[in-house]
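Note that the structure is a prediction, hence the values are computed from the model and not measured. Starting from 1, each residue takes its place in the sequence as its number. Counting convention: from 1, in listed order, for ligands and their atoms alike.
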Amino acid sequence: MSFESLGLAPALLRALAEQGYAEPTPIQAAAIPVVLEGGDLLAAAQTGTGKTAAFSLPLLQHLSTAGATQTRRPRALVLTPTRELAAQVHDNLRDYGKHLRISSTTIFGGVSMGPQMQALRRGVDIVIATPGRLIDHMQQRSIDLSGVEVLVLDEADRMLDMGFLPALKRILAALPRQRQTLLFSATFAPPIKALALQFMHQPREVSVTPPNTVATTVTHHVHPVDAANKRDLLLHVLAQDSRRQTLVFSRTKHGADKLVRYLETAGMRAAAIHGNKSQNARTRALSDFKSGRITVLVATDIAARGIDIDQLPIVINYDLPMVAEDYVHRIGRTGRAGADGMAVSLVSHEEAGLLRDIRKLLKQDIAVSEVPGFEPSHPLRTDANAPKPVQGQRQPRQARPQGSHRPHNNNHAHGSERPAEGNRKRRRQRRPAAKA
Ligand code: AMP
């Protein structure tokens, strides 16, 4: 199958050729004709499947062929859960639309509103926004959504996970009823179906990846280790190929920062990316990683959404995620487009229940191998009697150097990216934060 046969305009085909895309990915082949026809689309596709182009290409084609461009009212709105994903979608739209005269801008928190307001005043065709900051603009009346013809909800499952449902409802209420709605989600979980039922008009469904599966080209390794020895084991694994670009996942922001300091002390070039970092710091860390200036990027789950790095050979889970689905998202960074990938998890015996959940979700066994010199003092049990993960429960901390400061025992002091359940509920009652 070729991009030509999907009915895309020559200006888009040229841009795709320049990107080096030889043929459409399965989600693009399935989604593009449906979107070009103008119908609503409900698509199950994970990051790494080419989903961004699956909505961006027909969206650009629609905007370039129908109606006037550069009006004061945006004609298309793309909602994303995180700033990184918004920036990534924006970059992709610019790449694919480079031979068209379609303007776009991002609207997200963590940066001042002024330049965003100016861009909106100048007039823009496509707005790519995170829900929280978009609501701020709606309240300030700096955006008029009454001209939106196409709405894209990207990673809708994650937006719901992050408590954005009330914000989404407010935004949807401000949009014209007559519009095309495209919803992309990693899974068709019941809340996604409910959202689709409420806000979409007879959507066509396409699903290219069965829910919660990872690329078959990824091999999974688990190294059991005592929590106190994880840092050294990480160094050991990283040292096996110190030039290799490695993405390391940490469950907490505080943990990510500590790890980076430790790696730097050991002479590695590393940076952290998480919700407490300024937007500039996050953008810099990502571009340093992409350019190879740093070799290790330590990320939290939420900040890692939207990170697009081609052909990452290895992802390391320094902590296992509290939610098994996040393992799938993490691993989606490696083994892309048929390339081989490796997922290495450093697992302490307290995380045995989390590992069991991940195995259950993946429906596949994961090889467990001890690393000589790092054998754990407790066996890693993943049978039915393994300790169950408790929502909001944190890992025991690592051994600290003598006399080091111990932060207060509350979630914020540790910089947990996922608030404990109680906190999360309280937060949801307020407006969800735009920050990722
Ligand atoms: P996404 O799932 O949108 O995050 O895309 C994952 C990666 O696949 C990005 O690096 C895209 O640039 C790349 N990509 C998207 N479509 C294609 C294609 N048809 N051929 C090759 N690479 C692609």
Would you call Glu23 a ligand 1 contact, heavy-atom distance under 4.0 Å? yes
Hey, is ligand 1 close enough to Gly50 that some N/O pair sits below 3.5 Å? yes
If you count the atoms of ligand 1 from 1 in the order shown, which ones are under 4.0 Å from a heavy atom of Thr52? 1 (P), 3 (O), 4 (O)
Under 3.5 Å between any N/O of Lys51 and any N/O of ligand 1: does that happen in this structure? yes
Verdict with supporting geometry, Phe184 and Phe55, ring pair (Phe, Tyr, Trp, His ring centres under 6.0 Å): CA-CA 9 Å; Phe184 285 75; Phe55 64 77; 5.3 Å; yes
Between Phe199 and Thr181, what is the shortest heavy-atom contact and its length? O-OG1, 4.1 Å
Are the side chain of Lys193 and the backbone of Phe188 linked by a donor-acceptor contact shorter than 3.5 Å? no
For atom 18 (C) of ligand 1, which of the options Phe55, Tyr96, Tyr21 provides the nearest non-hydrogen atom? Tyr21
Tell me the contacting part of Phe184 for ligand 1: side chain, backbone, both, or neither, using a 4.0 Å heavy-atom threshold, strictly below. neither
To the nearest 0.5 Å, tell me how far Arg179 CZ sits from Leu182 CG. 10.0 Å
Phe108 six-ring face occupied by Arg133 cation (under 6.0 Å, within 45°): no
